[in-house]
Protein chains: 2
Amino acid sequence: MGTTQLETVPEPKYWHLKTVLSEALDSEFSVGEILPNERDLAARFGVARATLRQALEQLELEGRLQRRRGVGTTVAPPRVGVAVAPARPTWPGAAGDDWQPVDAVETDTVPAAVARLLETAAGDRVYLVRRSRVTQGQPLAAESLYVPVAALPGRLEAGVLNGPAGAYAVLGELQSLELDGQDRTVELGSARAEDAKQLDRLPGAPVLVVTTRYVSGGRTTAVAVSTYRADTCRLTFGDSDAVALLAG
Amino acid sequence: MGTTQLETVPEPKYWHLKTVLSEALDSEFSVGEILPNERDLAARFGVARATLRQALEQLELEGRLQRRRGVGTTVAPPRVGVAVAPARPTWPGAAGDDWQPVDAVETDTVPAAVARLLETAAGDRVYLVRRSRVTQGQPLAAESLYVPVAALPGRLEAGVLNGPAGAYAVLGELQSLELDGQDRTVELGSARAEDAKQLDRLPGAPVLVVTTRYVSGGRTTAVAVSTYRADTCRLTFGDSDAVALLAG
DNA sequence: TAGTGGTCTAGACCACTAT
DNA sequence: TAGTGGTCTAGACCACTAG
């Protein structure tokens, strides 16, 4: 201990900056308020714009900020809690789910990861149903539901598939099957171009990818890949007993 | 259609780069293989290093790559599926869970979000138990478990709290209570310095934050905040029926 | 058209790991 | 000590939004 020198912790500037900004957001800003632009902020803190942006990116990742090109940076509202797992297994499109059918097509191009779950071979035909989930005007999630054509009792004509009506048609066929169970995985991903558009984000935006496997008759009958905006969503996996106890 | 000009889509360079690299990873590299260093890669693709890094960051976020300072960039193995929700609610520390107790302390500083769930007031004493989850030598997750001192039947002396033994002591007290239910939320976060260290990542690394609320006697008795490495983990929420069917 | 965030460059230096 | 990824700079231009 021959020196009084404080332990030199070369904490990165952007990290320190993030902390400072985070505290400022708590104390001096309210939800929806617009921050100064990036050039001004960088100048105010005496750092390059790229460094400032690194801090802003982290805060956006944590759901504290919202940035929109051409508009500015605003203080984000708290994340929305989104119920992901219903109390009891149900098919997608069952009464009471929050999804809006968008369209449906028949195809044979299936992501490798999905094909593995469905145990389909290359070239097998599947219905692809696209849906979206919206609350209070804000798009929360986009979903692709894959159902092997062979898994449904009736074959749907290509003519009826277009648009939301087509999506309803496929979902309707599903309800006639008995659902034995389902399981889910959650992982981090980045939005593909198509999803990004639907989510009102730029391609590559961080998303929480929920993969749901529906089991019927001893085999996987459908797979849903739902991508939730990671900046605005908090996924909830409820236990109805616990919820009931606290609510009562 | 008066022009043969292809639609000019100014796809960002880093996005295109990411696609190219991603395909190369699929076809030309195997797990664990070392990529050329960033300066060489950037030169090879004719872009600035910062641009190349933007593409690598995305791929790392998606779990395709693993980068380590001073070492290099390697092709990551597929994400590990981590069971997050046991078939039936159990207290943390119950027989068979994968967590290793690290230590425990008594404190009155609780994150605001946790205090809200526990319905504790400022100054209320809580036990803070830290645990970690490891598979095959790789740290997967770090956890902070908060239990109000008032919620446990017996008061633990400060002396017994240090180290893993202290953690076991608190967890042991919990088992004596009846667990009515639990629920969980999953959201994206960035690793705090302490967690980052435990996870062998840099501060700010993306993590999946699982918040579990344990309900006993009609109130929230404990809250666990578990942070999983987002790059290496895929959280699974199993349905034992479905799993049993597929396994059989 | 003015102002915003998004992309990109060509450097520099630092922190860390392995030899 | 050499080589890696991590941080940082000071610019430039582009894509988008709104008045």
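The figures here come from the full heavy-atom set of this structure, side chains too, leaving out hydrogens, waters and symmetry mates. Chain naming here is simple, since letters A, B, ... match the order of the sequence lines and numbering starts at 1 in each.
By the ring-ring contact (aromatic ring centres under 6.0 Å, His included) test, Tyr127(B) pairs with no residue at all, sequence neighbours left out. With sequence neighbours excluded, the residues satisfying side chain to side chain contact (heavy atoms under 4.5 Å, CB included) with Arg192(B) are Arg130(B), Ser144(B), Glu194(B), Asp195(B). When the salt bridge (Lys or Arg N to Asp or Glu O under 4.0 Å) test is applied to Asp97(B), the partners found at least two apart in sequence or on another chain are Arg131(B). Residues passing the side chain to side chain contact (heavy atoms under 4.5 Å, CB included) test with Thr236(B) are Thr185(A), Ala83(B), sequence neighbours excluded. Applying the salt bridge (Lys or Arg N to Asp or Glu O under 4.0 Å) criterion to Arg53(A), with sequence neighbours excluded, gives Glu38(A), Glu57(A). With sequence neighbours excluded, the residues satisfying salt bridge (Lys or Arg N to Asp or Glu O under 4.0 Å) with Arg229(B) are Asp231(B). Every side chain to side chain contact (heavy atoms under 4.5 Å, CB included) that Thr51(A) has, sequence neighbours left out, goes to Lys13(A), Tyr14(A), Val47(A), Ala48(A).
Identified under the salt bridge (Lys or Arg N to Asp or Glu O under 4.0 Å) test for residues 20-32 of chain A, with sequence neighbours left out: Asp26(A)-Arg64(A).
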Quiz prompt | Which nucleotides of DNA chain D pair, in dot-bracket form (Watson-Crick or G-U under 3.5 Å, | meaning another strand) | solution = ||||||||||||||||||.
Protein and nucleotides 8-11 of chain D: nitrogen or oxygen contacts under 3.5 angstrom:
residue : atom : partner  : partner atom : Å
dC8(D)  : OP1  : Lys13(A) : N            : 2.2
dC8(D)  : OP2  : Tyr14(A) : N            : 3.2
dT9(D)  : OP1  : Lys13(A) : NZ           : 3.0
dT9(D)  : OP2  : Ala48(A) : N            : 2.8
dT9(D)  : OP2  : Thr51(A) : OG1          : 2.4

N/O-N/O pairs, protein side and nucleotides 15-19 of chain D side, under 3.5 Å:
residue : atom : partner  : partner atom : Å
dA15(D) : O4'  : Arg69(A) : NH1          : 3.2

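A heavy atom lying under 4.0 Å from DNA chain C marks the following residues of residues 30-43 of chain A, by number: Asn37(A), Glu38(A), Arg39(A).
Counting heavy atoms from C-beta outward, Leu208(B) and Thr227(B) have side chains that stay 4.5 Å or more apart.
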Quiz item: Would Thr212(A) and Arg184(A) count as a side chain to side chain donor-acceptor pair (under 3.5 Å) if you check the C-alpha gap in whole Å, the side-chain angles of each, and the deciding distance to 0.1 Å?
Solution: CA-CA 4 Å; Thr212(A) 308; Arg184(A) 291 191 170 77; 3.2 Å; yes
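Of the charged side-chain nitrogens involved, none lies within less than 4.0 Å of a carboxylate oxygen, so that Glu143(A) and Arg133(A) do not count as a salt-bridged pair.
Checking side-chain atoms of Arg68(B) against main-chain N and O of Arg201(B) turns up no donor-acceptor pair under 3.5 Å.
Other residues, nucleotides and ligands contribute at most 12 non-hydrogen atoms within 6.0 Å of the OH atom of Tyr168(A).
Among the heavy atoms of the strands lying under 4.0 Å from Leu202(A) are primed sugar atoms or P, OP1, OP2 only; no base atom is included.
Following rounding to the nearest Å, Arg53(B) (CZ) and dT7(C) (P) show an atom-to-atom distance of 16 Å. When the P atom of dT7(D) is taken as reference, atom CG of Leu56(A) falls 16 Å away, rounded to whole Å. Across the protein-nucleic acid pair, His16(A) atom NE2 and dT7(D) atom P stand 16 Å apart, rounded to whole Å.
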